[in-house]
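Take a look at the structure set out below.
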2 protein chains.
Amino acid sequence: MTPMTKNLPHPRRNLANEIVSVLRSDIISGVINPGEALAEPVLAKRFGVSRAPVREAIIELERAGLVQFETTGRTRVRTLEEKDLAEIVETRIALESMGARLAATHWGPEHTLRVQQFIAEQEAATTDSEFSLLDIAMHEYIMKRSGNERLVVLWQYIRWQFEMALTYIHRLQINTAHDLRRFTVAGHWKVLETLAGRKPEAAAKVMAQHIIGSLEWSVTETTEHPPTAGSGPRKGHVAKMKKGSSASS
Amino acid sequence: MTPMTKNLPHPRRNLANEIVSVLRSDIISGVINPGEALAEPVLAKRFGVSRAPVREAIIELERAGLVQFETTGRTRVRTLEEKDLAEIVETRIALESMGARLAATHWGPEHTLRVQQFIAEQEAATTDSEFSLLDIAMHEYIMKRSGNERLVVLWQYIRWQFEMALTYIHRLQINTAHDLRRFTVAGHWKVLETLAGRKPEAAAKVMAQHIIGSLEWSVTETTEHPPTAGSGPRKGHVAKMKKGSSASS
DNA sequence: CGCCAAAAAAGTGTCGACACTTTGCGTCAC
DNA sequence: GTGACGCAAAGTGTCGACACTTTTTTGGCG
């Protein structure tokens, strides 16, 4: 963080935004743990700035759902229960189904190429986190193809919460799940097929199934209920969170 | 606005929130017009507080999409183009379809009664604004029945943008649209039917059709394209905004 | 009469300070 | 030893001030 209020050339003012980025990343990656307190003076000292920008940053994080205000006014990193995971996934489905539906209506060959590239990179990914990154990047790309900025903005918020939840699942993870990756990639191909075919309703439906399918796979012990790629799990309510493996969609 | 920082008993701290409420209401109702500038010192004087809470309030309004930051850092009330209206409606559909789907899964007789009451009040409403209020209140009630807080929070943001858009449509309005009301109420009955029947997929579908149907009706000159209640307009893209009448859904 | 320059006004980003509240801890009585 | 009390520490909400930037006004000059 730059010292403070001394002559910045004219780079559009920020600072709170930078703090948001850092804290968000810390929370999502688990550097700061759920339940941990976030005090303005402490963070101000850490970043070498005054409380004002820190305060703005914390408010933003609260809007994003990564942080929680207690009734006393104190701030803690949000803790995620099973119910939260269900809510996040439901909301993701709501937004991404519509995103896919809209994207399908003005899909072009160049977009198909881009997504194919994403999938190829996913197939070549060596680590779980690399795969996750590529997965989310592809979903973001499709969301942006919807042409609906509001949808994208709302999706971003949920996306961060989802990423945070993933970290949690990862902590419980025991073994790498190559099967999950294959399942996920298969889902991506199916989604791409509906997009390239400009079939909005099918795209919405397939996207919804893809998201819930990947999640249920990842939160359910794979040896117990291995969902088949063809007829993934259907019902809306998410399974118990067990020692699942790397989740992606 | 209360004077300032003198001993509040212990009512959980606010002030920025109160300012948000006032400004939001002013923007939605058209007291403050799109494109109009919002300067922190001016508002601070108006509310008799310092810039700090005002600043927080403005940030919140920006998150809600009612206000826009220019590259220079200045703030203006957001202006709505036709494209914005389409985005808002699409997003509403995404969220409310899922809301209805979820609500249908744990719908009870008491909820049916409540919604019936809403509809009865709508049928008895005398003014357009009263009808609009009841309409939104009912949609909110259904959203909350989804049991998904995140969905509700995101919906609130879009709801305010939608209400703001309504004010603009109303300004162009020429005649009261009793037909629209009948169409809307008919839609509400259909939605209720799917909820009471606990048919999630049908609820999602009917809700989507209801929202887009009401909107297209209201933004399209009714004498030109009167959509029939049975087979309302289907396609996703919203019609040209003409001198339509009171919009609700 | 219009146009450009310079000065004034208005506005934002950040800071440090203060009042008040809540939390935590040590002390003292029992 | 344990529990109540009270004081210190930490934290939030708000304020006013200052540095800098952008916009507006003013004033001089062609």
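Remember, predicted model here, so these are calculated numbers, not experimental data. We name chains A, B, ... by the order of the sequence lines, and we start the count at 1 in each one.
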**Message:** Quick one, B:N33 and B:Y168 - any side-chain contact, counting heavy atoms below 4.5 Å?
**Reply:** yes

**Message:** Without decimals, in angstroms, what is the distance between B:L15 CG and D:dC15 C1'?
**Reply:** 11 Å

**Message:** Using a 3.5 Å distance criterion without hydrogens, assess whether the side chain of B:D26 forms a donor-acceptor pair with backbone atoms of B:V31.
**Reply:** no

**Request:** Calculate the interatomic distance between A:R76 atom CZ and D:dG11 atom C1'; express it in whole Å.
**Result:** 12 Å

**Message:** In whole Å, I'd like the distance from the CG atom of A:N17 to the C1' atom of C:dT12.
**Reply:** 14 Å

**Message:** Among D:dG11, D:dT22, D:dG13, which nucleotide has an atom closest to any side-chain atom of A:E40?
**Reply:** D:dG13

**Message:** For DNA chain D, which residues of residues 51-58 of chain B approach it to below 4.0 angstrom with any heavy atom?
**Reply:** B:R51, B:A52, B:P53

**Message:** Which heavy atom of B:Y157 sits nearest to which heavy atom of B:E60, and what is that distance?
**Reply:** OH-OE2, 3.6 Å

**Nearest to side-chain heavy atoms of B:R74, which nucleotide of C:dT14, D:dT12, C:dA10** = C:dA10

**Fill in**
Side-chain atoms of A:A39 come closest, of D:dG11, C:dG11, D:dT14, to D:dG11

**Complete:** Separation of D:dG11 atom C1' from A:F69 atom CZ, nearest Å, is 13 Å

**Fill in**
Closest non-hydrogen atoms of B:F47 and B:I19, given as atom of the first, atom of the second and distance, are CE1-CG2, 3.7 Å

**Asked** Which residues pass the salt bridge (Lys or Arg N to Asp or Glu O under 4.0 Å) test with A:R55, sequence neighbours left out?
**Response** A:E40, B:E56

**Request:** Please identify each residue that fulfils salt bridge (Lys or Arg N to Asp or Glu O under 4.0 Å) with A:E130, with sequence neighbours left out.
**Result:** none

**Message:** Within the 4.0 Å heavy-atom criterion, would you say B:L38 contacts the bases, only the backbone, or no part of the nucleic acid?
**Reply:** sugar-phosphate

**Message:** Using whole Å, what does the distance between atom C1' of nucleotide C:dT23 and atom CD of A:E70 come to?
**Reply:** 12 Å

**Request:** Using whole Å, report how far CG of B:L43 lies from P of D:dC15.
**Result:** 14 Å

**Prompt:** Are any non-hydrogen side-chain atoms of A:V67 and A:L23 less than 4.5 angstrom apart?
**Reply:** no

**Asked** Rounded to the Å, how far apart are B:K45 NZ and D:dG16 C1'?
**Response** 13 Å

